[in-house]
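Below is one structure, written out as structure tokens; the observations come after it.
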Amino acid sequence: MNISFLDNWRKRMGGTREAALAAAVEADPEGVAELFAECELLRARAAQCGLELDDSPASLSALDQLPPIWRDDPEELPWVGNDAGLYLGTVLVRTVSRAAWGILAGGKPVVRLASGREIDVVTAGLDWAMSGSPELSEMYAESAESGPEAKTR
């Protein structure tokens with residue numbers, strides 16, 4: 001993931017990109033959550049199909065029903081997959097109590113549930129973009145049921 005403000009911070013602090021991202025999540029979790037929630041390419045492809053993504057669990061089900069037009073473009077497919085994973089993570093963080101973004105040692109964003117379980121949402125999004133399985137709504141349901149009650153929006 002190329003995030004320019006993190007590169008600038010890393011250069012000033014003398015750290016790695018992974019350390020910069022982890023520090024940003026710790027220092028400004030809401031700001032990083034907003035950055036992850038952008039998912040610009042996925043939102044654009046969904047809009048082309050008449051779907052507005054509203055960060056709800058129902059929108060994940062709607063995404064699962066879209067024709068996978070991104071599979072026709074091997075350059076676009078991984079970007080849509082990355083966005084799909086970040087979008088899944090966004091829905092989890094916004095709707096599941098005490099779910100939060102975390103960063104693994106390699107710099108990979110994950111969603112941490114109150115149970116301690118870590119969901120590798122980016123890998124799930126890439127799998128979904130490439131094959132349609134597992135469905136995003138299925139990943140959400142499995143993750144949400146392993147955590148405490150849903151947040152109220």
Side-chain angles (χ1 to χ4, degrees), residues 1-46 53-57 59-61 63-64 66 68 70-71 73-151 153:
M1 179 178 296
N2 185 15
I3 304 173
S4 60
F5 80 87
L6 290 176
D7 287 338
N8 293 334
W9 183 90
R10 177 180 51 84
K11 287 175 189 169
R12 285 194 316 269
M13 304 307 262
T16 64
R17 176 175 286 159
E18 293 81 14
L21 185 54
V25 167
E26 197 168 306
D28 185 12
E30 291 83 19
V32 172
E34 287 302 314
L35 181 68
F36 286 167
E38 288 181 6
C39 311
E40 203 171 322
L41 183 58
L42 180 70
R43 290 181 190 277
R45 294 299 167 260
L53 300 180
D54 62 2
D55 302 347
S56 71
S59 66
L60 294 170
S61 295
L63 272 173
D64 289 334
L66 290 181
W70 50 85
R71 289 187 197 145
D73 185 347
E75 289 183 23
E76 184 173 289
L77 188 138
W79 294 105
V80 170
N82 188 73
D83 276 8
L86 294 176
Y87 185 72
L88 170 62
T90 295
V91 175
L92 283 165
V93 167
R94 291 186 175 172
T95 62
V96 175
S97 182
R98 299 189 332 222
W101 287 105
I103 305 298
L104 295 180
K108 182 181 273 196
V110 296
V111 172
R112 290 193 175 114
L113 302 176
S115 67
R117 181 175 171 208
E118 292 180 340
I119 312 298
D120 183 351
V121 292
V122 172
T123 297
L126 289 167
D127 290 346
W128 173 82
M130 288 189 285
S131 68
S133 179
E135 291 185 336
L136 297 174
S137 58
E138 179 183 313
M139 284 292 300
Y140 174 85
E142 289 173 7
S143 301
E145 82 181 17
S146 68
E149 69 284 343
K151 292 179 185 176
R153 287 173 44 108

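Quick caveat: nothing in here was measured; it's all calculated off a predicted structure. Reckoned from all heavy atoms, side chains included, excluding hydrogens, waters and symmetry mates.
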Where [X] and [Y] come nearest, the two heavy atoms and their spacing:
| X | Y | answer |
| --- | --- | --- |
| E76 | W70 | OE2-CB, 3.7 Å |
| P134 | D127 | CD-CB, 4.0 Å |
| R43 | A37 | NH2-O, 2.8 Å |
| A129 | R71 | O-NE, 2.9 Å |
| A114 | S97 | CB-O, 4.4 Å |
| D64 | S137 | OD2-OG, 2.6 Å |

Spacing of [X] atom [atom1] and [Y] atom [atom2] [to the nearest 0.5 Å]:
| X | Y | atom1 | atom2 | result |
| --- | --- | --- | --- | --- |
| Y140 | I119 | OH | CD1 | 12.0 Å |
| I103 | E26 | CD1 | CD | 11.0 Å |
| R112 | R117 | CZ | CZ | 14.0 Å |
| L113 | E145 | CG | CD | 11.5 Å |
| L92 | Y87 | CG | OH | 11.0 Å |
| D55 | L60 | CG | CG | 9.0 Å |

Checklist entry - Can you list the residues that meet the side-chain contact (heavy atoms from CB on, under 4.5 Å) rule with A46, with sequence neighbours excluded? => result L51, L53, L63, L66
Next on the checklist: Enumerate the side chain to side chain donor-acceptor pair (under 3.5 Å) contacts for residues 27-38, please, sequence neighbours excluded, ordered by first and then second residue.
Outcome noted: E34-R94
Checklist entry - Under the criterion side-chain contact (heavy atoms from CB on, under 4.5 Å), which of V122, L41, T123, L77 is the partner of N82? => result V122
Checklist entry - Under 4.5 Å between any side-chain heavy atoms of V91 and P57, yes or no? => result yes
Item to check | W101 side chain reached by V121 side chain, heavy atoms, under 4.5 Å | outcome: yes
